[in-house]
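Have a look at the structure below, then the notes.
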Amino acid sequence: MQHAAPDQKQIEKLTQSRVYHSESLAVRKNPNGSESRDVLRGELATGEYVAVHESTQPAGIPGNPAHRIEHTELICIREGTLEFQHDGIPERASAGDILLVAKGTMHAVRNTGAGPVSYFVVAIGGDVQ
């Protein structure tokens, strides 16, 4: 059974297991040349709010501006290499690595590799609602 992509303006009750098929997710083109796909936004049966999106940054484009978050993020790198700036500290991460962005952290990521970087962002709690 294939499900349609969720309406990202609504909070979905995430109480049933399912597959989110990537081909059903709308592509959002960002001003810096990157692309994003919203996967889900909802409330887990345990009460936490969660949102997931996938992003791809081509090589050679400027990264997204640094920003502070009021939730926790896990950034799971699927392909490529990026620089993770957090509270003034630069770190390099590659495919298979996972970044933890703690609530309140000023951070940014940018592609530092020769090819595209693709990653999933899992946002949990805080202002995700």
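In this chain, residues are counted from 1 in sequence order. Every value quoted in this text rests on a predicted model; they were computed, and no experiment measured them.
- Between Ser55 and His53, the shortest heavy-atom contact is OG-CD2, 3.2 Å.
- Under a 3.5 Å cut-off, the side chain of Asn32 and the backbone N or O of Ser34 do form a donor-acceptor pair.
- With rounding to the nearest 0.5 Å, the separation of CG in Asn64 from CZ in Arg110 is 12.0 Å.
- Put simply, Val122 and Val109 are part of two different groups of oily side chains (I, L, V, M, F, W, Y) that touch within less than 4.5 Å, one to the next.
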Check your understanding: Run the side-chain contact (heavy atoms from CB on, under 4.5 Å) check on His86 and Val101 step by step: do they pass?
Key -> CA-CA 8 Å; His86 54 96; Val101 186; over 6 Å; no

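- Distance check, rounded to the nearest 0.5 Å: CD1 of Ile11 to CZ of Arg41 gives 5.5 Å.
- To the nearest 0.5 Å, atoms CG (Asp127) and NZ (Lys103) are separated by 8.5 Å.
- The minimum heavy-atom distance linking Ala114 with Ala59 is given by the pair O-CB, 3.3 Å.
- By the criterion of side-chain heavy atoms lying less than 4.5 angstrom apart, applied directly or through intervening Ile, Leu, Val, Met, Phe, Trp or Tyr residues, Val121 is not grouped with Val128; the two fall into different hydrophobic clusters.
- Distance check: Glu54 CD to Glu35 CD gives 9.0 Å after rounding to the nearest 0.5 Å.
- Linking Ile, Leu, Val, Met, Phe, Trp and Tyr residues whenever their side-chain heavy atoms come within less than 4.5 Å leaves Ile75 and Tyr20 in two separate clusters.
- Between Gln85 and Pro90, the shortest heavy-atom contact is NE2-CB, 3.3 Å.
- For CD of Gln16, the number of neighbouring non-hydrogen atoms (other residues, nucleotides, ligands) closer than 6.0 Å is 12 at most.
- Looking only at distances, no side-chain donor or acceptor of Asn111 sits under 3.5 Å from a matching main-chain atom of Leu82.
- Arg37 places no side-chain N or O within 3.5 Å of a backbone atom of Val27 that could act as its donor or acceptor partner.
- Between atom OH of residue Tyr49 and atom CG of residue Leu14 there is a gap of 10.5 Å, rounded to the nearest 0.5 Å.
- When side chains are defined from C-beta on, Leu100 counts as touching Leu74, because their heavy atoms get closer than 4.5 Å.
- Grouping the Ile, Leu, Val, Met, Phe, Trp and Tyr side chains by contacts below 4.5 angstrom, directly or via other members, places Val50 with Leu25.
- Ring-plane geometry between Phe84 and His107 is classed as perpendicular, the angle between the planes exceeding 60 degrees on a 0 to 90 degree scale with a lower cut at 30.
- For Glu79, the CD atom sits in a packed shell: over 12 heavy atoms of surrounding residues, nucleotides or ligands are nearer than 6.0 Å.
- Residues His71 and Ala123 come closest through the heavy atom pair CD2-CB, 3.5 Å.
- For the atom pair Phe120 CZ and Ile77 CD1, the distance stands at 12.5 Å (nearest 0.5 Å).
- Residues Tyr119 and Ile61 do not share a hydrophobic cluster, defined by chaining ILVMFWY side chains whose heavy atoms lie under 4.5 Å apart.
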